[in-house]
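Worksheet: one structure, shown below.
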There are 2 protein chains.
Amino acid sequence: MERSTIQKQAVLEYLKGVKTHPSAEIIFSAVRKKLPTISHGTIYRILNTLKQKGEIIEVAKEPARFDADTSPHAHFVCQDCGKIYDVFDKNISLINKKTKIGKVQNFQIYLYGQCRKCGN
Amino acid sequence: MERSTIQKQAVLEYLKGVKTHPSAEIIFSAVRKKLPTISHGTIYRILNTLKQKGEIIEVAKEPARFDADTSPHAHFVCQDCGKIYDVFDKNISLINKKTKIGKVQNFQIYLYGQCRKCGN
DNA sequence: ATCGGTGCAAATCCTTTGCATTTCC
DNA sequence: GGAAATGCAAAGGATTTGCACCGAT
């Protein structure tokens with residue numbers, strides 16, 4: 001059976017408190033302030049577990065970044081500053097759940113551009 | 001000025017001839033049959049150049065996989081077999097080019113599920 | 001007391017990079 | 001001839017893993 005630990009609690013609590021889609025490294029640094037001995041391995045193991053359970057989603061790669069908001073939404077990635085913004089667009093619901101290829105269980109939408117702070 | 005080399009030609013020619021969204025490693029192995037001395041470094045450098053020029057797109061990560069079809073389309077990723085299928089859905093055109101956050105230059109849509117071959 | 005979780009370090013995977021050599025214009 | 005590209009090998013970043021110890025149930 002899966003156990004509850006202070007490490008898991010700290011990671012999930014931190015993720016639920018931010019809207020910045022932090023990387024494993026950022027999560028590591030943040031959680032380390034509360035739990036000074038937590039390791040990278042533990043961070044990665046916890047993130048993988050939470051992802052599998054569907055409690056968080058991965059919203060970017062290289063490095064992976066995480067989001068505790070699992071409601072259907074897209075992400076705007078600023079190509080200048082790297083920030084990731086949530087996009088709740090009504091058209092997202094039009095994504096077909098059944099395609100000719102197979103049944104869609106979940107999806108990811110990334111919009112790439114420049115955010116307002118970075119011009120245009 | 002950028003030069004034309006047999007390595008670049010071979011990579012682009014290979015990518016245009018397949019619909020499988022190969023990884024750098026697969027491209028490396030395939031192109032190596034024609035050019036036995038080509039290296040990983042060269043493959044990665046060429047792929048990055050083609051990507052910057054917009055002649056190919058990257059359609060997955062870890063490892064990166066590539067597609068010489070740059071028309072707007074989504075990708076269905078089978079979570080069982082790992083295959084990536086092109087999805088030309090008409091609703092894709094509804095993706096907003098302007099959002100409150102910024103101007104969208106391009107986008108990526110990933111649909112995750114099981115393909116027909118893998119059941120359901 | 002058990003056995004799942006953690007911490008640490010080493011290992012692995014993918015990708016990039018430095019540099020000497022080759023090759024295209 | 002000279003700049004750009006290649007090949008090779010080494011380095012780099014992100015993530016995973018093996019194992020001894022710790023701690024939740």
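Within every chain, numbering begins at 1; the chains are lettered A, B, ... in the order of the sequence lines, protein sequences first and strands thereafter. Atom set for the values below is all heavy atoms of this structure, side chains included, hydrogens, waters and symmetry mates excluded.
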Encode nucleotides 20-25 of chain C as B, S and - characters from 5' to 3', where the letter depends on protein heavy atoms closer than 4.0 Å: B to the base, S only to sugar-phosphate, - to neither.
---BBS

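The side-chain hydrogen bond (donor to acceptor under 3.5 Å, both in side chains) search around B:Thr42 returns B:Ser39, not counting sequence neighbours. Residues that satisfy the side-chain hydrogen bond (donor to acceptor under 3.5 Å, both in side chains) test with A:Thr49, not counting sequence neighbours, are absent from this structure. Taking the ring-ring contact (aromatic ring centres under 6.0 Å, His included) definition, one finds that B:Phe88 meets it with B:His73, sequence neighbours left out. Listed by chain and number, the residues in a side-chain hydrogen bond (donor to acceptor under 3.5 Å, both in side chains) with B:Tyr14 amount to none (sequence neighbours excluded). Annotation: ring-ring contact (aromatic ring centres under 6.0 Å, His included) contacts of B:Phe107 (sequence neighbours excluded): none. Checked against salt bridge (charged side-chain N to carboxylate O under 4.0 Å, His left out), B:Lys34 has the following partners two or more places apart in sequence or in another chain: B:Glu13.
Residue B:Tyr44 belongs to no hydrophobic cluster, having no ILVMFWY side-chain heavy atom closer than 4.5 Å to its own.
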Within the sub-3.5 Å range, which N or O atoms of nucleotides 12-16 of chain D have a protein N or O partner, and how far apart are they?
from: D:dT15; atom 1: OP1; to: A:Ala64; atom 2: N; distance (Å): 2.9
from: D:dT15; atom 1: OP2; to: A:Tyr44; atom 2: OH; distance (Å): 2.5
from: D:dT16; atom 1: OP2; to: A:Asn48; atom 2: ND2; distance (Å): 3.0

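Sorted by first then second residue, the salt bridge (charged side-chain N to carboxylate O under 4.0 Å, His left out) pairs that include residues 15-25 of chain B, not counting sequence neighbours, number zero.
Atom CD1 in B:Ile46 sits about 13 Å away from atom P in C:dT16, given to the nearest Å. Between the CD1 atom of B:Ile38 and the P atom of D:dG7 there is a distance of 5 Å, rounded to whole Å. Straight-line distance from the CG atom of B:Leu35 to the P atom of D:dA5: 16 Å, rounded to whole Å. In this entry the distance linking CD1 of B:Ile43 with P of C:dT15 reads 12 Å, nearest Å. At whole-Å resolution of the value, CG in B:Leu47 and C1' in C:dT15 are 11 Å apart. Computed from coordinates, the B:Gln52 CD to C:dT16 P distance equals 11 Å when rounded to whole Å.
Regarding contacts with the backbone of C:dC8, every side-chain N or O of A:Ser39 stays at 4.0 angstrom or more from both OP1 and OP2.
Comparing the local axis fitted to the first five base pairs of the helix from C:dA1-D:dT25 to C:dC25-D:dG1 with the one fitted to its last five gives a bend of 30°, rounded to 10°.
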What donor-acceptor contacts under 3.5 angstrom involve side-chain atoms of residues 51-60 of chain A, with partners at least two apart or in another chain?
from: A:Lys51; atom 1: NZ; to: A:Glu58; atom 2: OE2; distance (Å): 2.6
from: A:Lys53; atom 1: NZ; to: A:Glu2; atom 2: OE1; distance (Å): 3.4
from: A:Lys53; atom 1: NZ; to: A:Glu2; atom 2: OE2; distance (Å): 3.4
from: A:Lys53; atom 1: NZ; to: A:Glu55; atom 2: OE2; distance (Å): 3.0
from: A:Glu58; atom 1: OE1; to: A:Lys61; atom 2: NZ; distance (Å): 2.8

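Distance check, rounded to the nearest 0.5 Å: OG1 of A:Thr5 to CD1 of A:Ile46 gives 5.0 Å.
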